[in-house]
Amino acid sequence: MTTEVLKAPLVVEFPFTRSLGPVQSAFLTGLREQVVLGVRATDGRILVPPVEYDPVTADEIRDLVQVAPTGTVTTWAWNHAPRRGQPLDTPFAWVLVRLDGADTALLHALDAPGSDAVHTGMRVRVRWAAERSGAITDIACFEPYEGTSGDEVAEHDGQFESMVTGIVAQARLDYTYSPGRAQTAYINALADRRIVGERCPSCRKVYVPPRGACPTCGVATAEQVQVGPGGTVTTFCIVNIKARNLDIEVPYVYAHIALDGADLALHGRIGGIPYDQVRMGLRVEPVWTEGGRYPDHYRPTGEPDADYETFKELL
């Protein structure tokens, strides 16, 4: 009987805070004040967005130059289906715009009624966001513009009352993940409180969780083998930092656990014992989540510790 392979939406998100050097700080502060700044390179070119080191000579560069909020599209691509977090929620064009006074192009979105309204060489201008904080999103997007170069440039002396010194960069990836045939069988077995691996037809080793191929021999695996549920702690680490959205008091222990009958240790949390009593060779068993979908953690079985010789090859 063929089992339908599982799939589910998955989000990987990693927002982080970064500090800004003098050039990037001035650039983002300028955007907050509706001023676009570039930097003069060693060869005299004006780079927008600005960088702090010359891309040719690697010399430090800090000569800031104001450029216009108008420019010319150098190339473009139509986005017919905007995604979460993109500048516009209606179809738009991704464009590279060489702002008037700059020698390099800036990537951003162009609000246009359709792809037939966009062409290389068209004139555009910045549409500023209503609320600005000192980020690239202070440019809401670009829009078509019929004026000429320099029409909208208001000279600025480059002095700002307060500078943007840091930003929170949002990194996020949304995608649909499928674990494949082997891990689908593994996950379905967990729902029955069983742990299954697959045996390599060549070396005869049993790997858990299964991956559909032997990591040692590289050949396909298909023979399912039930292992555990008990196992042996081979190595472990004590965690002293509280993880976000994880309701576990620190310190706690994560360990590699060699389940009985398996030839590869899996990763699991150890509970039911003080962290400073966890040790190599400790015999453990799974404690299942409510509903039994997967082991929440592993606890001591009360058996004597396993002899080192029985698990040394699994370290």
Side-chain angles (χ1 to χ4, degrees), residues 2-8 10 12 175-239 241 243 246 248 251-273 275 277-289 291-315:
T2 302
T3 301
E4 183 178 356
V5 175
L6 299 175
K7 59 182 178 181
L10 188 65
V12 178
Y175 64 100
T176 299
Y177 172 73
S178 174
R181 175 202 58 79
Q183 291 199 17
T184 290
Y186 171 75
I187 294 169
N188 287 337
L190 289 179
D192 296 328
R193 297 196 176 190
R194 297 183 299 113
I195 303 175
V196 299
E198 289 188 348
R199 189 190 308 278
C200 172
S202 177
C203 68
R204 306 304 294 170
K205 290 183 177 180
V206 177
Y207 293 101
V208 180
R211 296 172 176 81
C214 174
T216 302
C217 305
V219 299
T221 58
E223 180 190 351
Q224 288 190 1
V225 179
Q226 185 166 332
V227 300
T232 300
V233 171
T234 60
T235 58
F236 63 93
C237 69
I238 298 172
V239 181
I241 300 175
L246 187 62
I248 300 175
Y252 56 91
V253 175
Y254 264 102
H256 278 120
I257 302 166
L259 296 178
D260 298 339
D263 294 289
L264 182 70
L266 53 73
H267 198 212
R269 183 171 65 88
I270 305 299
I273 184 174
Y275 73 93
Q277 293 183 23
V278 178
R279 56 198 179 273
M280 295 173 66
L282 179 69
R283 294 286 296 162
V284 294
E285 63 185 1
V287 176
W288 298 85
T289 59
R293 291 297 299 175
Y294 56 89
D296 177 73
H297 62 276
Y298 287 78
R299 67 186 176 193
T301 64
E303 302 171 79
D305 288 359
D307 185 84
Y308 175 73
E309 293 296 320
T310 65
F311 63 85
K312 68 178 184 180
E313 299 298 328
L314 299 177
L315 295 178

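Note that the numbering runs from 1 along the sequence shown for the chain.
Here the closest non-hydrogen pair linking Y186 and V196 is CD1-O, 3.2 Å. The shortest heavy-atom contact between A258 and L314 is CB-CD1, 3.4 Å. When all heavy atoms of Q224 and A185 are compared, the pair lying nearest together is NE2-CB, 3.1 Å. Minimum interatomic distance between L190 and R293 (heavy atoms only, all atoms of both residues): CB-O, 3.3 Å. The two residues F236 and A255 make their nearest non-hydrogen contact at CB-CB, 3.7 Å. What you find for W288 and Y294 is that their closest heavy atoms are CE3-C, 3.5 Å.
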Query raised in the report: How far apart are the C-alpha atoms of Y308 and L315, what are their side-chain angles, what is the distance that settles it, and do they pass the side chain to side chain contact (heavy atoms under 4.5 Å, CB included) test?
Result: CA-CA 10 Å; Y308 175 73; L315 295 178; 3.5 Å; yes
Requested in this report: Would you check, one step at a time, whether the test side chain to side chain contact (heavy atoms under 4.5 Å, CB included) holds for L282 with D305?
Outcome: CA-CA 5 Å; L282 179 69; D305 288 359; 4.1 Å; yes
Query raised in the report: Is there a side chain to side chain contact (heavy atoms under 4.5 Å, CB included) between C214 and C203 once you walk through the steps?
Result: CA-CA 9 Å; C214 174; C203 68; 3.8 Å; yes
Query raised in the report: Would M280 and K312 count as a side chain to side chain contact (heavy atoms under 4.5 Å, CB included) if you check the C-alpha gap in whole Å, the side-chain angles of each, and the deciding distance to 0.1 Å?
Result: CA-CA 10 Å; M280 295 173 66; K312 68 178 184 180; over 6 Å; no
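When atom types are taken as modelled, the side chain of D192 and the backbone of R194 share no donor-acceptor pair closer than 3.5 angstrom. Judged purely by atom type and a 3.5 angstrom limit, S178 uses its side chain to pair as donor or acceptor with the backbone of L6. Under the 3.5 Å distance criterion, the side-chain polar atoms of R279 are matched with a main-chain donor or acceptor of Q277.
Taking CD1 from I273 and NE2 from H297, the interatomic distance works out to 11.0 Å, rounded to the nearest 0.5 Å. To the nearest 0.5 Å, atom OG1 of residue T235 and atom CZ of residue F311 are 9.5 Å apart. Atom CD1 of residue I238 and atom CD1 of residue I270 lie 12.0 Å apart, to the nearest 0.5 angstrom. In this structure, CG on L264 lies 10.0 Å from CG on L259, to the nearest 0.5 angstrom. Going from atom CG of D263 over to atom CZ of R199 covers 8.0 Å, rounded to the nearest 0.5 Å. Distance check: E313 CD to K205 NZ gives 8.0 Å after rounding to the nearest 0.5 Å.
Evaluated for a side-chain contact (heavy atoms from CB on, under 4.5 Å) with Y207, the options T216, V227, V225, L266 yield exactly one hit, T216.
By the 4.5 Å heavy-atom criterion applied to side chains, P201 and T221 are counted as neighbours.
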